[in-house]
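Note that the structure is predicted; figures quoted are calculated from it, not measured.
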Amino acid sequence: MPEDAEPLAGRVMIMSGGSRGIGLKIAKRAAADGASITLIAKTDQPHPKLPGTIHTAAEEIERAGGAVLKVVGDVRDDAAVADAVDRTVERFGGIDIVVNNASAIDLSSTETLSMKSYDLMQDINCRGSFLLSKLSIPALKASALAERNPHILTLSPPLNLEPHWAGAHLGYTIAKYGMSLTTLGLAEELRSHGIGVNSLWPRTTIATAAIRNRPGGEKRIATSRTPDICADAAYLVLTSPAERTTGNFLIDEEVLAEHGITELDRYRAVPGAEPLTVDLFL
């Protein structure tokens with residue numbers, strides 16, 4: 001763990017999504033240090049199948065110790081994202097951390113995947129990550145000059161070119177690998193500026209609404225870990241020296257192991273000996 005007791009105290013994070021699941025846990029972990037968080041999320045009113053709204057998320061983050069700026073908006077909307085970045089800089093004085101968390105999933109085969117769903121995944125996953133990162137670069141460069149350890153962290157998988165993954169669900173794979181290519185390219189582009197750019201992915205399935213709402217969801221939950229493992233891994237990445245931690249496709253449990261954390265049973269969604277389910281792309 002970093003030597004400072006609260007290394008993210010006073011830092012500013014802007015995140016896409018974050019109303020629930022992994023994103024919310026990452027935000028709350030940063031807030032516990034006293035970080036300020038901007039959430040860009042669409043969920044203004046309760047969803048019939050998904051828990052939480054941007055408002056309930058903000059309340060949880062504030063209780064954890066952070067200041068929150070709520071931006072009800074769509075990461076596909078250029079003007080909305082630009083406004084969120086501008087308002088973050090105006091409210092909190094800059095941006096030190098970008099978390100590309102928003103993502104859409106549809107595992108349909110190419111033949112059955114609607115182009116509407118294809119476009120949604122491309123626009124939220126790949127384009128959304130590119131857009132939020134792009135618009136935050138000036139503030140991240142300023143953060144680097146102020147020695148505030150700037151990072152971009154994207155929730156996307158390693159670039160695994162094993163044909164199985166493209167053949168299993170091509171539309172989704174293209175969208176997620178687009179996020180990972182954004183990490184690869186920005187890490188190189190921003191290396192000289194001292195901005196860390198990395199991707200993080202779970203070793204196992206994570207117990208979120210996205211898993212629960214799929215066919216066989218309850219069984220999948222029983223063989224999954226909680227979002228806390230991703231949040232703890234993200235925290236370790238975001239508190240590592242940016243100039244030495246960049247261009248990586250990181251796996252949550254490997255990040256923890258590098259910091260001496262190898263007892264992972266506490267992250268199981270359901271205690272027991274049932275084998276965990278390995279996540280996609282691994």
With side chain to side chain contact (heavy atoms under 4.5 Å, CB included) as the criterion, how do Asp279 and Thr205 come out once you've worked through the C-alpha distance, each side chain's angles and the decisive distance to 0.1 Å? CA-CA 5 Å; Asp279 208 344; Thr205 53; 4.1 Å; yes
Could you walk me through whether Ser103 and Lys176 pass the side chain to side chain contact (heavy atoms under 4.5 Å, CB included) check? CA-CA 8 Å; Ser103 189; Lys176 293 304 290 188; 3.1 Å; yes
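Proximity of a side-chain donor or acceptor of Asn248 to a complementary backbone N or O of Leu250 within less than 3.5 Å is not detected. Under a 3.5 Å cut-off, the side chain of Arg148 and the backbone N or O of Gly10 do form a donor-acceptor pair. At least one donor-acceptor pair under 3.5 Å links the side chain of Ser16 to the backbone N or O of Ala102. The main-chain N or O of Leu276 is never found under 3.5 Å from a side-chain atom of Arg268 such that the two would form a donor-acceptor pair. Judged by distance alone, the side chain of Arg20 and the main-chain N or O of Gly52 form a donor-acceptor pair under 3.5 Å. A donor-acceptor contact shorter than 3.5 Å is absent between the side chain of Thr53 and the backbone of Gln45. In this structure, Asp106 contributes its side chain and Ser108 its backbone to a donor-acceptor pair below 3.5 Å. Within the 3.5 Å criterion, the main-chain N or O of Val12 finds a donor-acceptor partner in the side chain of Asp96. Put simply, the side chain of Thr245 never gets that close to the backbone of Ala242: no donor and acceptor are under 3.5 Å apart. Looking only at distances, no side-chain donor or acceptor of Trp165 sits under 3.5 Å from a matching main-chain atom of Leu159.
With sequence neighbours excluded, the residues forming a side-chain contact (heavy atoms from CB on, under 4.5 Å) with Ala104 are Leu120, Met121, Ile124, Asn125, listed by chain and number. Scanning for side-chain contact (heavy atoms from CB on, under 4.5 Å) contacts around Arg244 gives Pro241, with sequence neighbours left out. Among residues two or more places apart in sequence or in another chain, the side-chain contact (heavy atoms from CB on, under 4.5 Å) test is passed with Ala67 by Ser36, Phe92. Legend: residues meeting ring-ring contact (aromatic ring centres under 6.0 Å, His included) with Tyr177, ordered by chain and number and at least two apart, are Phe281. Every residue meeting the side-chain contact (heavy atoms from CB on, under 4.5 Å) condition with Val72, not counting sequence neighbours, appears here in chain and number order: Asp44, Ile54.
Side chains of Ile152 and Thr182 form no contact here, defined as non-hydrogen atoms less than 4.5 Å apart. Residues Leu39 and Lys70 are not in side-chain contact: their nearest non-hydrogen atoms beyond the backbone lie 4.5 Å or more apart. The closest side-chain heavy-atom distance from Ile206 to Ile229 is below 4.5 Å.
Within the structure, every pair that satisfies the salt bridge (charged side-chain N to carboxylate O under 4.0 Å, His left out) test and touches residues 254-266, not counting sequence neighbours, is listed here: Arg203-Glu254.
A donor and an acceptor atom, one from each side chain of Ser133 and Asn100, are located under 3.5 Å apart. In this structure, a donor-acceptor pair under 3.5 Å is present between the side chains of Tyr267 and Asp232. Between the side chains of Ser117 and Ser114, no donor-acceptor pair is found at a separation under 3.5 Å.
Both Leu132 and Leu140 sit in one connected hydrophobic cluster of ILVMFWY residues. Membership requires side-chain heavy atoms under 4.5 Å apart, directly or through other members.
Rounding to the nearest 0.5 Å places CD of Gln122 at 11.5 Å from CZ of Arg127.
Atom CZ of Phe249 has more than 12 heavy atoms from other residues, nucleotides or ligands within 6.0 Å.
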